[in-house]
**Student:** 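Below you'll find the structure I mean.
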There are 2 protein chains.
Amino acid sequence: MQPSRTPSPSLPRVGGARAKLLDAAHATVRRKGFTATSVDELCAAAGVTKGAFFHHFASKEALGVAAAEHWTARAAPLFEDPPYTKLDDPLDRYLGHIDLRASMLEGQAEDFTCFVGTVVQEAFATSEPIRAACDASISKYCETLAIDIQQAIDKYGTKHVVTALGLAEHTQTVLQGAFVMAKAKGDPQIARESVAHLKRYVLMLFGRDS
Amino acid sequence: MQPSRTPSPSLPRVGGARAKLLDAAHATVRRKGFTATSVDELCAAAGVTKGAFFHHFASKEALGVAAAEHWTARAAPLFEDPPYTKLDDPLDRYLGHIDLRASMLEGQAEDFTCFVGTVVQEAFATSEPIRAACDASISKYCETLAIDIQQAIDKYGTKHVVTALGLAEHTQTVLQGAFVMAKAKGDPQIARESVAHLKRYVLMLFGRDS
DNA sequence: TGACACATACCGACTGGTTGGTATGTTTAA
DNA sequence: TTAAACATACCAACCAGTCGGTATGTGTCA
């Protein structure tokens, strides 16, 4: 591979309408849903024109797929930046992650809820590309989380037989459910309580309670 | 008993377009989402005309509210009909309910998922009447479930301090999350596994495990 | 008994606005 | 010069909602 003189040939040279549209999609779709968000509205929120939209995305569906993939990238810092990721004990890292997710459940639902979770609810039966992209994003999250959980199982064992991936997926399930409940109530308190139940389950499972 | 020509003065005299529209809404909206379901489509699915639709509902939003209320009524048999509801032990009744919900997670997601959970994700920020109606439906479910849980707590106590309503809400949270995950995966297996985790949590909490 | 007034249930063509998408031009940077 | 990155104007299809009308049942009173 030859070193290129241009900073990045694939990156936008003018304004970066693509990135602005993806960010606008994350914000607007989480508030109004995918179908209820029009292309015009998205363009207005991103400060670009329709021409720019269809230059970067073949269709609204293609934007949905790209936004789901972008969501995965946006979630990556969650596993890298927080201080608890440097802890020696894998169970502490897993519990630290649960605490972090609980602490994020504050303010307006549209700000802390999951883009792919929202979109897949609407599109799972009508757009296979979008469903697959959302599935990939969620699966990636679960697989990453399962690494620490597996190490915790190896180190401590569990009171009942569970798999690391299964427990990671259950963690994600509780979070997705918590988002739905917070939206219904108009208050994230109920979501925090469910995550507290989840943490209690993990503590009991690993025998760290009482 | 004399066969009356007119069944009931308060009941629809001709076709019953209202009931057919509500049933069609439950089916179609769970598959495509609320916004993506057009009024024309709903009328076609129900076999009625647009005139009938707007005779019974002031707006599409009003249908959403009515359908959420109808969903509550549809869920009532869940707490009355199953054989386990006749068990003496309240914890057995609660566990029986969890088993029932797990057994329902089969086939296509659009057939076992929750109407109000789907709708509230889309409408929580854009329609307060719909949000409130969905909240009422979910709250009713939790309050009903909490009755058995409270009796179980009174009878057995729990290893950690929890409230009956809080545990009922967590049960609902796991189910809502399980629906999202099943939609993403295109397979209800992952949903059943999360409900299994929930049941294990309840068993550990009440000291019924090992 | 019957006739008239009224209410409810339903029909379907129509409308003004919005939708996703296209066709074609202009600017920008290498 | 060239190609990508935008912008502008436009379109056919579709959308929620309206409206004048029909069919049918119900209450009232002579």
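Lettering of chains follows the sequences in order, A, B, ..., and the numbering in each one begins at 1. Heavy-atom basis, side chains included; hydrogens, waters and symmetry copies ignored.
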**Student:** Are the side chain of E122(B) and the backbone N or O of F34(B) linked by a donor-acceptor pair below 3.5 Å?
**Tutor:**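 The answer is yes, because a donor-acceptor pair under 3.5 Å joins these two groups.
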**Student:** State which residues pass ring-ring contact (aromatic ring centres under 6.0 Å, His included) with F179(A); sequence neighbours excluded, sorted by chain then number.
**Tutor:**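 F179(A): no ring-ring contact (aromatic ring centres under 6.0 Å, His included) contacts found.
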**Student:** Step through it carefully: locate the ring centre of H70(B), locate the ring centre of F115(B), and say whether they are under 6.0 Å apart.
**Tutor:**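 Centroid separation for H70(B) and F115(B): 6.0 Å or greater.
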**Student:** Measure CD/E41(A) against C1'/dG21(C) and give the value in whole Å, please.
**Tutor:**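 To the nearest whole Å, that distance equals 17 Å.
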**Student:** Between P on dC15(D) and CZ on F34(B), what's the gap in Å once rounded to a whole number?
**Tutor:**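 Distance check: F34(B) CZ to dC15(D) P gives 14 Å.
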**Student:** Provide, to the nearest angstrom, the distance between the CG atom belonging to D40(B) and the P atom belonging to dC11(C).
**Tutor:**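 Result: 14 Å.
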**Student:** Return the residues of residues 58-67 of chain B meeting this criterion: a heavy atom under 4.0 Å from some atom of DNA chain C. Order them by number, or give none.
**Tutor:**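 Here the set is empty: none.
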**Student:** Determine whether Q151(B) and R93(B) satisfy the following criterion, side-chain hydrogen bond (donor to acceptor under 3.5 Å, both in side chains), listing intermediate values before the conclusion.
**Tutor:** CA-CA 10 Å; Q151(B) 291 175 13; R93(B) 291 200 298 274; 2.7 Å; yes
**Student:** Looking at dC10(C), I'd like to know if its phosphate oxygens (OP1 or OP2) sit under 4.0 Å from a side-chain N or O belonging to H55(B).
**Tutor:**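 No.
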**Student:** Report, one pair per line, the protein and nucleotides 7-11 of chain D atoms (nitrogen or oxygen only) whose separation is under 3.5 Å.
**Tutor:**
unit_1: dA7(D); atom_1: OP2; unit_2: T49(A); atom_2: N; d: 3.1
unit_1: dA7(D); atom_1: OP2; unit_2: T49(A); atom_2: OG1; d: 2.9

**Student:** Take atom CZ of F54(A) and atom P of dG25(C), then tell me their distance rounded to the nearest Å.
**Tutor:**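 So the CZ-P distance, F54(A) to dG25(C), works out to 20 Å.
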**Student:** Measuring to OP1 and OP2 of dA5(D), would you say a side-chain N or O of H56(A) lies under 4.0 angstrom away?
**Tutor:**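 The answer is no; no side-chain N or O of H56(A) sits under 4.0 Å from OP1 or OP2.
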**Student:** Under the 6.0 Å and 45° cation-pi test, does K60(B) pair with F54(B)?
**Tutor:**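 No; the conditions do not both hold, so K60(B) does not lie above the ring face of F54(B).
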**Student:** Taking the inter-plane angle between the rings of Y84(A) and H97(A) on a 0 to 90° scale, is it parallel (under 30°), tilted (30 to 60°) or perpendicular (over 60°)?
**Tutor:**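 Perpendicular: the ring planes of Y84(A) and H97(A) meet at over 60°.
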**Student:** Have a look at T37(A) and say if it touches a base, only the backbone sugar-phosphate, or nothing, with a 4.0 Å heavy-atom cut-off.
**Tutor:**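 The residue T37(A) makes sugar-phosphate contact but no base contact.
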**Student:** Check whether the ring centres of F79(B) and Y141(B) lie less than 6.0 Å apart, and answer yes or no.
**Tutor:**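 Yes - the distance between ring centres of F79(B) and Y141(B) falls below the 6.0 Å cut-off.
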**Student:** Run the numbers on S194(B) and K199(B) for side-chain hydrogen bond (donor to acceptor under 3.5 Å, both in side chains), then give the verdict.
**Tutor:** CA-CA 9 Å; S194(B) 254; K199(B) 187 180 179 184; over 6 Å; no
